[in-house]
Visitor: 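My structure is below; once you've seen it, I'll send some questions.
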Amino acid sequence: MVAPGGDTGWHEHPGMVCVTVKTGTLTFYNKACTGIGHVAGTTFIEVSGDGPGIARNETTVPVEVVVTYVVPTGAALRIDTPVAPCVLP
């Protein structure tokens, strides 16, 4: 669940992640701060090597997601990025 105005923080993954938006709209920003809105019923994929990204709920309603991780055995599910690679709008 991503609360209104909330975000995932800048991060990346050591494998592949499939994110399905169940309710609401989630905007995913890549390392160049290009955002793509994903509405309920859609899925997007994050892949190792794409660089850090951040998902934000820029609406006034909660966003519910289902996340499937495909990562090496024993690997962390996410790697936090301490410094944002760009300035978000």
Visitor: Backbone N or O of Gly37 within a donor-acceptor pair of the Thr25 side chain at under 3.5 Å?
Guide: no

Visitor: Just jot down the side-chain hydrogen bond (donor to acceptor under 3.5 Å, both in side chains) partners of Thr20, sequence neighbours excluded, or say none.
Guide: Thr43

Visitor: Quick one: does His13's side chain get under 4.5 Å of Ser48's, heavy atoms only?
Guide: no

Visitor: Does the side chain of Pro85 reach to within under 4.5 Å of the side chain of Tyr29, using non-hydrogen atoms?
Guide: no

Visitor: Would you name the heavy atoms of Met1 and Pro62 that are closest together and state the gap between them?
Guide: SD-CB, 3.5 Å

Visitor: Taking only residues two or more places apart in sequence or in another chain, which ones pass side-chain hydrogen bond (donor to acceptor under 3.5 Å, both in side chains) with Thr68?
Guide: none

Visitor: Could you identify which residues cluster with Tyr69, counting Ile, Leu, Val, Met, Phe, Trp and Tyr as linked when any side-chain heavy atoms lie under 4.5 Å apart, either directly or through a chain of such contacts?
Guide: Val2, Val17, Val19, Val21, Leu26, Phe28, Phe44, Val63, Val65, Val67, Val71, Leu77

Visitor: Hey, any chance Trp10 and Ile79 share a hydrophobic cluster, counting ILVMFWY side chains that come within less than 4.5 Å of each other, even indirectly?
Guide: no

Visitor: Let's go through Lys31 and Thr81 carefully: what are the C-alpha distance in whole Å and the side-chain angles of both, what is the deciding distance for side chain to side chain contact (heavy atoms under 4.5 Å, CB included) to 0.1 Å, and is it a yes or a no?
Guide: CA-CA 11 Å; Lys31 63 186 174 186; Thr81 304; over 6 Å; no

Visitor: Measuring from Glu46:CD to Met16:CE, what's the distance to the nearest 0.5 Å?
Guide: 11.0 Å

Visitor: Has the side chain of Asn57 got a donor or acceptor atom that lies under 3.5 Å from a matching backbone atom of Ala3?
Guide: yes

Visitor: Enter the distance from Asp7:CG to Arg56:CZ here, rounded to the nearest 0.5 Å.
Guide: 7.0 Å

Visitor: Knowing that exactly one of Val87, Leu88, Ile54 qualifies, which makes a side chain to side chain contact (heavy atoms under 4.5 Å, CB included) with Cys33?
Guide: Leu88

